[in-house]
Amino acid sequence: IVSLKEAEKPQACCPSYCGECSDYPTCRSVRGQNSTFACCASQVMAMECGKGAPANVCLKKCTEALPPCIMPDGEIFTTPDPKMRTAGEDCNKAVSDWRTKAAAATSTSSSPPGPPTLPPPTPVP
């Protein structure tokens with residue numbers, strides 16, 4: 001989950017269990033665990049590697065690590081177009097297509113199509 005874009009600041013990316021990536025009132029304790037440095041956007045940003053956080057706990061760029069992480073500078077993430085086609089739209093069709101292909105591959109009723117059979121070469125006298 002990506003934080004909202006603020007002028008001149010990179011975006012933070014938080015794990016999905018956070019629900020959102022901002023400094024919302026309960027970001028420090030999501031699902032009963034200490035989630036300060038995972039769900040609170042300002043704290044995620046403060047833990048960026050090379051910006052003062054200890055090396056053993058600092059957060060890398062999202063190109064190098066999973067959330068929580070820091071989005072690359074200059075890259076603004078926007079949500080995908082909801083009208084865009086997704087894999088979930090034809091999932092049931094993919095299952096039936098796969099079953100048809102699997103049945104054809106394991107069927108013994110006919111041979112698979114292949115190149116045409118050529119007659120044997122004529123011997124030269």
Side-chain angles (χ1 to χ4, degrees):
I1 298 176
V2 180
S3 65
L4 293 174
K5 178 65 180 160
E6 294 182 37
E8 305 300 320
K9 290 185 178 179
Q11 291 172 278
C13 186
C14 301
S16 62
Y17 69 81
C18 296
E20 66 178 271
C21 193
S22 68
D23 291 330
Y24 57 100
T26 58
C27 71
R28 295 179 186 278
S29 179
V30 174
R31 294 186 180 175
Q33 65 183 356
N34 180 358
S35 56
T36 303
F37 299 111
C39 300
C40 301
S42 64
Q43 296 300 312
V44 170
M45 296 304 299
M47 295 299 290
E48 183 176 1
C49 292
K51 303 284 173 119
N56 63 331
V57 293
C58 71
L59 299 175
K60 297 178 180 181
K61 299 278 185 193
C62 296
T63 54
E64 303 172 38
L66 296 172
C69 56
I70 313 300
M71 294 291 286
D73 294 333
E75 193 171 311
I76 299 172
F77 177 81
T78 55
T79 56
D81 181 359
K83 296 176 188 168
M84 214 164 128
R85 183 177 165 204
T86 64
E89 290 175 9
D90 66 350
C91 185
N92 289 333
K93 184 173 179 341
V95 170
S96 65
D97 288 351
W98 181 88
R99 287 183 178 154
T100 301
K101 289 176 184 178
T106 58
S107 173
T108 58
S109 62
S110 66
S111 61
T117 308
L118 299 173
T122 312
V124 179

pair check: Cys27 + Cys18, SG-SG < 2.5 Å = no

Do Met45 and Lys51 have side-chain heavy atoms sitting under 4.5 Å apart?
-> no

Lys60: what forms a salt bridge (charged side-chain N to carboxylate O under 4.0 Å, His left out) with it, not counting sequence neighbours?
-> none

Between Tyr17 and Val30 the two heavy atoms that sit nearest each other are O-CG1, 3.4 Å

Is a donor on one side and an acceptor on the other found under 3.5 Å between the side chain of Ser3 and the backbone of Ala12?
-> yes

Listed pairs under 3.5 Å, donor-acceptor, residues 37-44 side chains, sequence neighbours left out:
from: Ser42; atom 1: OG; to: Asp23; atom 2: OD1; distance (Å): 3.1
from: Ser42; atom 1: OG; to: Asp23; atom 2: OD2; distance (Å): 2.9

Quick one: does Pro67's side chain get under 4.5 Å of Cys14's, heavy atoms only?
-> no

If we ignore angles and hydrogens, is there a donor and acceptor under 3.5 Å between the side chains of Gln33 and Ser35?
-> no

Considering only Ile, Leu, Val, Met, Phe, Trp and Tyr, and joining two whenever side-chain heavy atoms are under 4.5 Å apart, list the other residues clustered with Ile1.
-> none

Of the non-hydrogen atoms in Val2 and Gln11, which two are nearest, and what is the gap between them?
-> CG1-NE2, 3.3 Å

Measure the CE-CG distance between Met47 and Leu59 for me, rounded to the nearest 0.5 Å.
-> 5.5 Å

Looking at side-chain heavy atoms only, is the closest gap between Thr100 and Trp98 below 4.5 Å?
-> no

Check: Asn34 side chain, Thr36 main-chain N or O, donor-acceptor pair, under 3.5 Å = yes

When you take the SG atom of each Cys, Cys69 and Cys13, is the space between them under 2.5 Å?
-> no

Heavy atoms of Lys61 and Glu48 approach each other most closely as NZ-OE2, 3.1 Å

